[in-house]
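Working notes, structure below.
Quick note on labels: first sequence line is chain A, next is B, and so on, each numbered from 1.
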Amino acid sequence: MPAGNSDVYNIVQAKFLATEIVKTIHLNVSIVDGPSSNANRVLALVEYNSSHALFVLVSSRCPPVSFSDLSIETVVPIDQHFSCETEPVTEQNYVTLIIKYRQTKYEYNVEIGKESCNFAAELIRAKEVATDNKTNFTWLEKYFGTMNQSNRNSDPTMSDRSDFVIVRNEMAQAQTTNNRESRLKYQLKLRESEFTQIQEFTIFIGTWNVNGQPPSVSLKPWLSYDESPPDVYAIGFQEIDLSKEAFIFNDTPREAEWQKLVMDGLNPNAKYRLVALARLVGMQLAVMINNQHYPYVKNVSFDTVGTGLLGKMGNKGGVAVRLELHNTSLCFVNCHLAAHVDEYERRNQDYKDINARINFKRNPQAIKDHDQIYWLGDLNYRITDLSNTQVKTLLIRNEVNTLLKVDQLNQQRERGNVLLDYTEGDITFQPTYKFDLFTDVYDTSEKARPPAWTDRILWRGKGIHQVQYRSHMEMRISDHKPVSALFKSEISVIDPIRYRKVQEDLLKWMDKYDNEILPQVTVDETEVIFDLVKFREPQSKEIIIANTGLVPADFEFIKKHDEPFYCKEWLRILPYAASINPGEKCEIRFEVNLETDVENLEDILVLHLKGGKDIFITISGKCQKSCFTQSLSSLVRIQVPILNLTEDEWDQVRKNNTPVRYSVPRELWLLVDHLYRHGLKTRDLFESCALHEELIRIRNWLDYGSQDPIPGTPQAVAETLLLFLSYTKEPVIPFELQDICTAAANNFENCRQLILMKLNDIHRTVFIYICMFLQELLKYSKDNSYDAKTLASLFGDILLRDQIRNSKPQASRGKANFVYNFLVNDLSSSLLPR
Amino acid sequence: MANRSGTAQRPNGQTQGKICQFKLVLLGESAVGKSSLVLRFVKGQFHEYQESTIGAAFLTQTICLDDTTVKFEIWDTAGQERYHSLAPMYYRGAQAAIVVYDITNQDTFGRAKTWVKELQRQASPNIVIALAGNKQDLANKRLVEYEEAQTYADENGLLFMETSAKTAMNVNDIFLAIAKKLPKNEQNTGQTGSGQGRRLTEDNPDNKTVMNCCK
Ligand SMILES: Nc1nc2c(ncn2[C@@H]2O[C@H](COP(=O)(O)OP(=O)(O)O)[C@@H](O)[C@H]2O)c(=O)[nH]1
Ligand SMILES: [Mg+2]
């Protein structure tokens with residue numbers, strides 16, 4: 001990003017999702033053949049999930065000051081069909097950028113300069129990495145919708161979509177669920193350069209295989225070799241204790257003893273503090289830091305891995321310490337790999353195992369994920385193919401380079417078998433192994449091992465500069481010589497003020513983004529008013545929800561607080577939940593069907609958009625009273641059709657303030673009387689399905705009253721009777737009595753007593769009235785084909801109807817048996833009201 | 001390459017401020033300027049003709065304080081009386097509320113007091129309540145005296161400011177004052193539901209920790 005453009009850069013980035021990274025931009029671009037002054041295009045190379053695309057944006061202001069100044073003109077995916085060339089414009093300070101995608105060609109003029117060179121180079125680089133033609137460009141889909149129509153057609157990807165799979169409803173969704181914190185972290189990382197600066201730290205790395213010798217000498221000649229004090233020390237030992245106890249119990253007094261020597265041996269011109277010490281058997285690694293830097297160390301962690309005996313014991317393996325110094329993560333690994341000349345493959349394997357198994361308790365957990373890694377230790381690689389004498393001769397002749405060519409580590413690294421991506425400084429020192437103790441003389445024992453550079457220091461990561469790499473011959477207590485390396489390493493240091501500014505910036509930007517991608521819909525109506533609603537005459541109304549946002553909108557009607565269901569029982573919502581894609585609509589149907597006594601329709605529905613706002617939809621409507629759905633005790637108090645009553649009169653009736661006029665409701669009597677006279681001989685009286693209109697006519701006839709005869713066939717009247725009894729406010733046998741009734745069903749006398757004692761007068765009379773009518777019906781069973789059992793089970797379910805309507809009609813034997821008693825026994829005397 | 005677990009450090013070596021997330025609900029009679037206040041705070045805009053809210057709108061806005069960052073999830077509710085019964089869905093589980101009235105309309109002040117009472121009775125006990133006397137730009141038509149509202153606010157432990165969504169006066173300030181007053185420790189914020197656009201009721205099974213500290 002060109003520094004001066006950073007504001008514009010942020011504006012361009014704001015056009016995209018947080019995960020779609022604007023890699024580089026180019027301002028003041030004009031289209032070839034366009035007006036020459038019209039350099040109002042911005043080119044942007046955008047990366048998402050390692051796929052790239054070139055965006056051409058038109059800016060209404062130059063330079064743009066807000067992201068809304070920019071509109072996307074063209075989107076070109078960078079895949080195998082993409083190419084980019086440049087062509088100088090004769091006699092002008094311009095160069096033409098020729099972008100081709102399949103058959104389509106775009107040409108832009110840009111000023112010759114660093115910006116255009118960089119931009120073209122980035123495009124070509126993006127094309128190079130886009131070799132994999134499986135790259136997924138579905139993320140571009142949403143931007144096509146934002147372009148105006150003419151460009152849309154000319155868009156190269158739209159003309160041939162065969163290799164361009166589009167999954168519309170996936171767009172942006174992942175983003176919404178994306179964790180804000182990790183987005184912030186990611187963005188901060190991307191803009192790190194804005195709030196960090198590089199500061200050079202000296203890092204001293206030392207490694208020494210001490211051959212189990214007691215810690216008895218000063219380490220100053222090694223650790224304080226340089227005059228100026230390093231900022232960080234990482235000191236590794238191998239074989240500090242070769243005892244069985246150390247091996248088995250991983251416990252040794254040598255740890256503290258060596259560490260004391262280390263602390264004493266550090267450069268006296270500065271004060272140091274131990275950051276971490278890790279040890280496994282004989283391998284020990286201590287990291288010390290200059291006191292003044294200690295406050296900037298955080299997330300310290302260490303781990304150890306044994307790769308020795310059985311592949312896990314700690315006689316071989318590695319110990320590692322990780323930490324963050326300011327804004328840079330550092331990892332130090334001290335290893336002791338498998339011994340013996342021929343075992344280089346084991347050593348490679350040990351290296352791999354250490355990498356695989358070191359697992360810090362902090363992020364990142366793996367060695368490889370650190371900004372800087374320093375790898376030290378007795379790697380134990382030897383010199384192959386040369387005899388002891390040959391090696392020594394070459395050493396005497398100072399032909400170190402010849403020897404280094406046959407150094408196993410160099411060979412294995414060259415073949416990519418170990419420490420891939422690591423760097424090692426030039427070795428200018430003599431092999432550090434194997435010396436006769438207390439001398440500078442290579443092994444004179446019987447085994448006469450050829451000298452080797454077993455002790456090494458390598459590194460990996462950005463900004464690491466080695467300034468020293470040496471051995472320390474004067475340290476003679478071991479058969480190895482210690483090695484040390486001095487680095488000048490670039491540590492990224494945060495400027496807290498600039499950091500806060502960037503963070504705040506990003507948070508604001510994320511807010512804006514989060515608010516923008518909230519699901520947005522409009523509804524054409526938030527008031528749904530029904531016409532006069534009548535008993536069992538369903539009505540429906542529709543509203544339309546349109547998705548006006550950028551993301552799919554998942555809506556759902558949700559339950560209000562303290563309510564059992566998202567709408568009242570007389571309402572049905574279809575669909576009550578669905579997903580609408582951007583730009584699309586969805587029709588929602590509200591159906592009312594009145595089956596209970598409701599005075600007015602009133603409900604406020606909460607239409608919730610997942611992850612977004614709620615919309616309230618008010619449902620209202622007037623209801624027409626009906627004799628259906630009323631209580632028997634109200635109905636016996638009225639002598640006229642229900643709709644002939646004034647509101648006040650009805651109100652009094654409902655409160656049982658008026659006298660009982662009839663022993664059974666007028667409407668019940670009208671229906672039953674009609675059947676007495678016209679229906680007793682009708683075959684399958686209760687089994688035919690009347691037309692809906694016919695039932696409505698009878699309902700109206702009952703509710704309004706009329707001089708005309710009842711408008712319907714006996715079957716329709718019979719069905720109306722069943723409806724009437726099914727919808728009374730309480731069933732004829734109230735819910736709370738039903739259990740004892742069915743329990744008493746096999747004894748008529750008990751049933752009789754129940755009816756007599758438990759039922760109130762009105763309900764008892766209605767019950768007996770119906771049973772007597774059914775007994776009458778049974779007298780004509782030859783004609784109407786009914787027997788007592790059939791009628792008992794039909795009316796059992798109605799007279800003792802379940803509390804929950806529409807639950808599966810399941811004939812209850814108990815209910816049928818209860819009613820059966822009253823169909824086959826004499827009712828004349830004892831049951832009628834006193 | 002490296003994915004750092006830590007973000008920044010302050011000079012003293014402590015990790016940078018945490019991000020605390022709070023739910024804030026706006027209540028008050030319809031047309032007092034609730035939506036306008038949110039629009040001003042979140043987008044820096046004002047509309048003379050602000051569409052009336054039929055439902056509850058949801059927006060996000062972050063405020064950076066000296067040591068912490070406060071992210072508000074703002075629920076702007078419909079003010080009409082007929083939606084009153086739905087209000088608990090939004091203020092339950094909210095850690096902050098702004099009760100808004102219109103200084104040119106005495107009734108709306110009365111209504112605001114009712115809201116405050118309801119919040120004190122029904123909302124979470126540590127809810128931070130701010131009273132906003134909006135439309136301060138219309139002070140020449142003032143019907144609610146500043147002192148009267150201030151006294152009421154003092155008596156009830158409310159933050160109080162006169163605001164104007166139109167001129168932006170005190171709009172950021174009132175949110176800022178709330179942000180400062182909100183408890184920033186885990187204990188106080190960790191108990192309630194959270195998440196973008198999630199329901200504010202406590203019976204939400206999706207409840208998640210609120211403290212999304214950025215460390
Ligand atoms: N003069 C003035 N008008 C305002 C102010 N805030 C809101 N309004 C206007 O008052 C009306 C209602 O505002 P709105 O935000 O919809 O109120 P809400 O119903 O409480 O959300 C709109 O026409 C706004 O333009 C203000 O501070 N000053
Ligand atoms: Mg509003």
task: Please check if atom CZ in Phe302(A) has more than 12 non-hydrogen atoms from other residues, nucleotides or ligands closer than 6.0 Å.
output: no
statement: Shortest non-hydrogen pair, Phe616(A) vs Ala78(B), comes out as CE1-CB, 4.1 Å
- line: Of all heavy-atom pairs linking Thr62(B) and Asp511(A), the shortest is N-OD2, 2.5 Å
- request: Residue by residue, scan residues 43-55 of chain B and write down, ordered by number, those that have a heavy-atom distance under 4.5 Å to chain A; if none do, write 'none'.
  value: Ile54(B), Gly55(B)
field: Spatial distance of atom OG1 (Thr69(B)) from atom CD (Glu504(A)) [nearest 0.5 Å]
entry: 7.5 Å
query: Got Asp614(A) and Trp75(B) here, is their nearest side-chain heavy-atom distance under 4.5 Å?
result: yes
- line: Assert top hit (heavy-atom pairs under 4.5 Å, partner chain A, pool Leu65(B), Val42(B), Ile63(B)) equals Leu65(B)
- request: State whether the number of non-hydrogen atoms from other residues, nucleotides or ligands found under 6.0 Å of Lys512(A) atom NZ is greater than 12.
  value: yes
statement: Note: vs chain B, highest number of non-hydrogen pairs under 4.5 angstrom among Glu563(A), Glu527(A), Lys508(A) is Glu527(A)
query: Listed by chain and number, what are the ring-ring contact (aromatic ring centres under 6.0 Å, His included) partners of Tyr374(A), not counting sequence neighbours?
result: Phe332(A), Phe487(A)
From CD1 (Ile604(A)) to CD (Gln80(B)), nearest 0.5 Å: 9.5 Å
Within 6.0 angstrom of Lys181(B) NZ, more than 12 heavy atoms from elsewhere: yes
message: To check you understand the geometry: which heavy-atom pair defines the closest contact between Leu518(A) and Phe58(B), and what is its length?
response: CD1-O, 3.0 Å
- prompt: Taking atom CE of Met89(B) and atom NE2 of His608(A), what is their separation to the nearest 0.5 Å?
  reply: 8.5 Å
message: I need the minimum non-hydrogen distance between Arg500(A) and Cys64(B), along with the two atoms involved.
response: NH2-CB, 3.9 Å
